[in-house]
Every structure is written in C-alpha cells, then in structure tokens.
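In what follows, chains are A, B, ... by sequence order, proteins preceding strands, each numbered from 1. Bear in mind that the values here come from a model prediction, so they are computed numbers and not experimental data.
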Amino acid sequence: MKLLRVDSDVFLFHLGKREKRLLLELLKHYPLTPTSHHRVSRNRTDPATQRLLQEALSTHRETYRRRLDMLLAQTDRFQADASGYRTQFNREELEWLLQVLNDIRVGSWLALGSPDPDDGKPAQLTAHNTRYLLTMELAGHFECDLLAALDGPAG
Amino acid sequence: MPQTAEPVVAPDLERSDQTQDRDALDPGYLVVCWNDPVNLMVYVTHVFQVVFGWNRPKAEHHMLQVHRQGKSVLSRETLERAEFYVHQLQKYGLQATMERDPA
C-alpha cells in the first residue's frame, strides 16, 4: 500500500491487485478482540464501571462494523489502474482504519495464546489458530503503511 | 447603521444550586498505559500523539517508558477525564487503565 500523494488531508494510495484482495479479506475479521480484554483498572474492581466500559466498547464496535460494511460495499472506492488500484482516504478515515486493523492484530495475538517471544513464550500454534499468525502480521503490515502515510516514514 | 436593541430580559445570573461530587473534581486519577508484546511501537507513539495532542518526542518518551519499564503514567486527571482518556486509548486497542493516585 503505497502513498502516492496527499492533497488537503486526502491521502491517495496505490495497492497491488493481490494487496487489495488481502486488505478486504483481512477487514472482514473485525471485530476480533473480545471487549473483556480491556479493564478499567488493575488495582480495584468496580463491576458497574467495568460493565459500562464494555458496553461503550461494544457500541463503538457495532458502529465501526457498520461503517466497515459500507466501505466494503462501495464498489467505486477502489479505482482500477494499470497495475492495481487507487484509493483515497481522509485523515479521519485512516484513524478509523488504524483502530480496526489493530483490533484484528490484537485479537489474532490473543487467539495465538498471547505469545511473547522476548519473554520465552512462543505462539501456541494449532491447526485451528495458525491462520491468526497471518492476520496478525498482515494487520501490522497495513498499520505500518498507514502510519508512514500519517506520520512520515519514521513512523 | 442598525442599532442594537436594549435587551428586555435580563440575563439569568443566579447561581446554580447543583454541586458536583467531590470525587469527580479530584484530579487524583492516573491514566496508565501498560506494556504488551503486540502493539507496535510506532503505533503506540501515534496513538499518544492523537489522543493527548502531544508532539512526537513526548509521545516517544512515554512509549519507551511503557516498553522498558512495563508501564507509563500518561496523565493525572479527574475521574471523568481519566475515564475519557482510558476509553480513547482502549478504542485504539492499547492496554490502558485508570488508577487512584496513592499520593
């Protein structure tokens, strides 16, 4: 996913044909992170506040899921060119896509058993969850592309 | 040139009887971000910049604190503001919580 240019907060990207297919397939996985992954506090347990947080996160996800469905249904969002597709997003849409992609990345990581190679805890790969290794890495790849567009090559 | 008419109704300057809960005004809640091995460092830096409006050096400082020390205290806020920031950070998928400041 290559940034071609930025005009007045509108970011124009180029994607290869396979890259576009991968991105759209990846986005279908949203949401992947369970809301229970997030806690209000680590020191105190307040069930009412925790419940409110999870309700807020659930509502947020439903909104994002609907928005994502609309995006995936927009046939003119991706314009074919000689070597793939061109597509554009504004800054707010890129922030939204970042959140969606990171949810898929974190959810994939959880499905792999929360691996931490630096701490001697490799991924617990099974026939059932191996696909999450791919979704985790792909989501990270697209996140890096979007971050480079938003913040510059240094991230 | 049109003139401004005198107001016929005096503005309501009566003091509100409503009081806020003392706890809600107490800036004694810490917004904390915890380390995890999945969120990319560049992503965490970006999220801090967006959520708190920080410049990149400050955002990177806190990101590195999370990475090296396991957590970083990002802000000290009232209960309501702390909840707001924690929710914003969690929307981005970061491990953020609010903790009562023991000090």
Verify same cluster id: [X], [Y] (apolar side-chain graph, 4.5 Å):
{"X": "B:Trp34", "Y": "B:Tyr29", "answer": "no"}
{"X": "B:Phe52", "Y": "B:Tyr92", "answer": "yes"}
{"X": "A:Tyr85", "Y": "A:Met1", "answer": "yes"}
{"X": "A:Leu24", "Y": "A:Trp96", "answer": "yes"}
{"X": "B:Met98", "Y": "B:Val73", "answer": "no"}

- For B:Leu40 and A:Gly140 the tightest heavy-atom approach is CD1-O, 3.9 Å
- Can you name the closest pair of heavy atoms from A:Ser41 and B:Glu99 and give their distance? OG-OE1, 2.6 Å
- Could you walk me through whether B:His87 and A:Leu57 pass the side chain to side chain contact (heavy atoms under 4.5 Å, CB included) check? CA-CA 8 Å; B:His87 184 56; A:Leu57 286 173; 3.9 Å; yes
Do [X] and [Y] make a side-chain contact, defined as non-hydrogen atoms from C-beta onward lying under 4.5 Å apart?
{"X": "B:Pro37", "Y": "A:Asp118", "value": "no"}
{"X": "A:Leu98", "Y": "B:Tyr43", "value": "yes"}
{"X": "B:His46", "Y": "A:Glu95", "value": "yes"}
{"X": "B:Glu83", "Y": "A:Thr49", "value": "yes"}
{"X": "A:Asn43", "Y": "B:Arg100", "value": "no"}
{"X": "B:Asn39", "Y": "A:Val106", "value": "yes"}

- Applying a strict 4.5 Å limit to non-hydrogen atoms, the region of A:Leu150 in contact with chain B is side chain
- So which part of A:Pro117 gets closer than 4.5 Å to some heavy atom of chain B, the side chain, the backbone, both or neither? neither
- Contact origin within B:Ala96 toward chain A - heavy atom pairs under 4.5 Å: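 For B:Ala96, backbone heavy atoms alone lie under 4.5 Å from chain A.
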- Item | Contacting moiety of B:Val50, where chain A heavy atoms sit under 4.5 Å |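 For B:Val50, side-chain heavy atoms alone lie under 4.5 Å from chain A.
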- Message: Could you walk me through whether B:Val86 and A:Val40 satisfy the side chain to side chain contact (heavy atoms under 4.5 Å, CB included) test, starting with their C-alpha distance in whole Å, then the side-chain angles of each, then the deciding distance to 0.1 Å, before giving a yes or no?
- Response: CA-CA 8 Å; B:Val86 166; A:Val40 174; 5.7 Å; no
- Message: Just checking A:Lys20: does its NZ atom have more than 12 heavy atoms from other residues, nucleotides or ligands closer to it than 6.0 angstrom?
- Response: yes
- Message: Looking at chain B, which one of A:His60, A:Arg42, A:Arg105, A:Gln99 has the largest number of heavy-atom pairs inside 4.5 Å, strictly under?
- Response: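 Heavy-atom pairs under 4.5 Å are most numerous for A:Arg42.
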- Item | Side-chain donor-acceptor contact under 3.5 Å, B:Gln95 with A:His37 |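 Side chains of B:Gln95 and A:His37: pair found under 3.5 Å.
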